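Both counts, for ligands and for their atoms, begin at 1 and track the order of listing. Being a predicted model, the structure only gives us computed values, none of them experimental.
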Amino acid sequence: MTDPLIKQFEHAGQGQVFRFWEALTPEEQSSLLEEAREIDLEDITDLYKSLVLANQGDHKDFSNLEPATYISHPINGGDSAAWAEARSIGESALRNGSVAAFVVAGGQGTRLGYNKPKGLFPVTPLKEKSLFQVFAEKILGAQNTFGAIIPWFIMTSHVNHQDTVDFFEKNNHFGLHADQVHFFRQGRMPAIDNDGKILLSSKHSIAMSPNGHGGSLRALVRSGATQIMEGIGIEILSYFQVDNPLIKVIDPSFIGFHIQSESGMSSKMIPKAYADEKMGVFCNQNGKTVVIEYSDLPEEQTQATDEAGNLKFISGSIAIHMISRDFVKQMGSGDASAPSLPFHRANKKIPTVNDQGSPVKPKESNGVKLEMFVFDALPFSDKTIVVETQRSTDFSPVKNAEGLESPKSSKEDQMKEFASWLQAIGQEVPTDEKGVPVQSLEVSPLFGYDAQSFEKSWNELDEKPDLSQTTYLE
Ligand code: UTP
């Protein structure tokens, strides 16, 4: 007798998912059925119609866009006293143990072309520490400063979960307690071809891919992470992406501004370097903060300048947020009344099988992945603030194998930041014309994870290193 689920798929025009059914072993049949059970066929049909057939985005209303207001950094005229106050509020929250770090590490990192989870990628200029090690040591460094445990939530995907957990175990969690590191998997969605048909990745499995970093809110609730947070008194998540070694994993001022404003979700911005920089832009639309992707921001707004010639829509989004636990629960409860984030389409080369069941590795995009973006949660927050930061202290992601946002550019930016900490305390560091130290320079986050903690450790050094040589400070 045909399984009712297979009938449902046939009825929805998705019978191809089971086209090798007769040739499968009983185990293969049951694992295929299990995957198929995860799929909401109605959703897939609707998304195909709206995102592929009608080629609509989900945020195609570009009326009434204004530049988002933001809290300026002191170097750009921001109120230093307000920043100092925010810093002290953030530091108290850290001392009270109410802040956790949260990294989204479920992506597939196809642009970088690394065949392991991206967090394992060696990223530092001298010691080649992995991204995960850098974050772990930044957390450890901050814990030492504030004298409280900073739990770390790590979102993985079905593709990289086990490799990620194994890596942490093999490395003794880089000095963190195993029980302060909480791994959980995000949800997934089937990839579809350009005719809306669900693709197989083998005769007995569906081409499932992670459902985007926007899937993190639902996954935090569904996995029980929010319950863990409640149990240990965590009120705020410091959200960041796995590809950015420059990130201030723990930034007391940003935490403080978030608490002070009673915001559900807050974001950091950097001023865009030029009008066409490929960066989402914070805008205000009908009283709500939204991020408009660079490809969607109308040309008029992209190029608009004020009287002084500065870009009007200048607030570039760098995917760094503070998110309150209550807001996560509101967004991720899964209740019918909970707001749902829209899906976006990404055209991709999706490995699949041909009609004989042999693997096919397409050279051109052959289908669409469906992803949610976390910044689409912003307009659902009653209060939202955007805080300016500096690119040089917070943002240098590793996205591509070469060129912009590559391992090379990120290593240079890390060294520039280390040099800036030394220069700020009057040390000479020989640099090239771009400001990159001539000799390799690396600072362990356990020595200094920001300018303040660096200065403290430097002052405690009995013997200062010779900075004209390759230097590692640990
Ligand atoms: P990217 O947009 O860079 O996507 O993710 P990606 O999948 O890692 O890389 P490409 O596009 O294939 O090259 C930004 C951040 O969001 C996370 C990533 O791990 C990264 O930290 N992410 C992305 C998830 O956690 N889940 C997803 O489904 C997608």
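Ranking the protein heavy atoms by distance from atom 24 (C) of ligand 1 puts Gly107 N, 3.2 Å first. The nearest protein atom to atom 20 (C) of ligand 1, hydrogens excluded, is given as Val104 O, 3.8 Å; this is a heavy-atom distance. Of the protein's non-hydrogen atoms, the one nearest atom 4 (O) of ligand 1 is Arg111 NH2, 4.1 Å. Shortest contact from atom 7 (O) of ligand 1 to any protein heavy atom: Gln108 N, 2.8 Å. The protein atom (non-hydrogen) at minimum distance from atom 16 (O) of ligand 1 is His213 CD2, 3.3 Å.
Residues Tyr70 and Phe282 place their aromatic rings such that the two centres sit no closer than 6.0 Å.
A donor-acceptor pair is defined here as one N or O able to donate and one able to accept, closer than 3.5 Å; no such pair exists between the side chain of Glu28 and the backbone of His204.
Polar contact check, Lys118 against ligand 1: no nitrogen or oxygen pair lies under 3.5 Å apart. At a 3.5 angstrom cut-off on N or O pairs, Thr110 counts as close to ligand 1. Considering backbone and side-chain atoms together, Leu112 places no N or O closer than 3.5 Å to any N or O of ligand 1.
Inspection of the Glu412 and Gln414 side chains reveals no N or O donor paired with an N or O acceptor under 3.5 Å. When only modelled atom types and interatomic distance are considered, Asp413 and Ser410 share no side-chain donor-acceptor pair under 3.5 Å. Side-chain N/O atoms of Asn171 and Gln133 include no donor and acceptor closer than 3.5 Å.
A heavy-atom distance below 4.5 Å is found between the side chains of Gln452 and Arg87.
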